[in-house]
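See structure below.
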Amino acid sequence: MTNTVECHAHGEQEETFVCQHLVGALSTGEKVGFFWSGGPRGDAWCSACEEVRVREGGATGDWNERSEAFAGIKLLCGECYDRLRAQHGI
C-alpha cells in the first residue's frame, strides 16, 4: 500500500522524499542533478548531496548523520517529484 500526501497544487498524491535542494529547484527551475534510490519514485537527491554522501559514507557511500543533515530530506507529492524528474531530463 502506498502512503499519500495532500499537495496544495495536486491534491492527494503518492508521497515521495527528496533533498531540500531539489525542493528549492522546483521554484527556480535550476538543474541541480537528480540521483534516486531506484523504482519509479525512489528517494531522490541532488549532485551536492551525492558528493557529501560519497565523501561521508566511506568505501560503501552509505548515508550517515552528516550526509542526511546536509540533504535535509523533505516530503513531496508524486506529481511534484515527476516534475523534478522531467526538469532534470529523466
Side-chain angles (χ1 to χ4, degrees):
M1 181 173 179
T2 302
N3 292 330
T4 61
V5 61
E6 186 68 28
C7 177
H8 72 280
H10 303 111
E12 188 173 348
Q13 294 287 323
E14 177 183 0
E15 73 177 10
T16 66
F17 297 92
V18 303
C19 75
Q20 63 183 334
H21 312 108
L22 284 172
V23 171
L26 271 174
S27 299
T28 65
E30 180 182 4
K31 291 183 179 181
V32 294
F34 194 95
F35 295 82
W36 71 101
S37 60
R41 289 182 173 158
D43 298 345
W45 57 95
C46 70
S47 296
C49 287
E50 176 68 359
E51 289 178 27
V52 172
R53 181 189 69 82
V54 170
R55 182 179 68 236
E56 294 293 333
T60 61
D62 290 336
W63 289 96
N64 62 28
E65 287 183 24
R66 289 185 298 266
S67 57
E68 288 176 5
F70 180 80
I73 300 301
K74 305 292 182 196
L75 177 65
L76 198 64
C77 95
E79 288 292 322
C80 289
Y81 182 100
D82 292 345
R83 189 172 135 212
L84 273 170
R85 283 179 63 110
Q87 178 178 318
H88 287 83
I90 298 169

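Just so we're clear, the structure is a prediction, and the values are computed from it rather than from any experiment.
Under the 4.5 Å side-chain criterion, counting only non-hydrogen atoms from C-beta, C77 is not in contact with T16.
Counting heavy atoms of neighbouring residues, nucleotides and ligands inside a 6.0 Å radius, atom CD of E6 exceeds 12 of them.
Judged purely by atom type and a 3.5 angstrom limit, T4 has no side-chain atom pairing as donor or acceptor with the backbone of E12. Distance alone, capped at 3.5 Å, places no donor-acceptor pair between the R41 side chain and the E15 backbone. Panel note: side chain E79, backbone G11; no donor-acceptor pair is recorded below 3.5 Å. Side-chain N or O atoms of Y81 include none that pairs as donor or acceptor with a backbone N or O of F17 at under 3.5 Å.
Residues V18 and I90 share a single hydrophobic cluster, defined by chaining ILVMFWY side chains whose heavy atoms lie under 4.5 Å apart. Cluster annotation: L76 and W36 are assigned to the same hydrophobic cluster (Ile/Leu/Val/Met/Phe/Trp/Tyr, side-chain heavy-atom contacts under 4.5 Å, transitive). With hydrophobic clusters built from ILVMFWY side chains whose heavy atoms lie under 4.5 angstrom apart, I73 does not share a cluster with L84.
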Atom pairs and distances, side-chain donor-acceptor, residues 44-57, under 3.5 Å, sequence neighbours left out:
residue	atom	partner	partner atom	Å
W45	NE1	E50	OE1	2.7
S47	OG	V32	O	3.3
E50	OE1	R53	NE	2.9
E50	OE1	R53	NH2	3.2
E50	OE2	R53	NH2	2.8
R53	NH1	G61	O	2.3
E56	OE1	R66	NE	2.4
E56	OE1	R66	NH2	2.9

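With ring centers used as reference points, H21 lies 6.0 Å or more from F34.
Taking CG of L22 as the reference point, atom CD of E30 lies at 10.5 Å (rounded to 0.5 Å).
Remark: the E14 side chain and the T2 side chain contain no N/O donor-acceptor pair separated by less than 3.5 Å.
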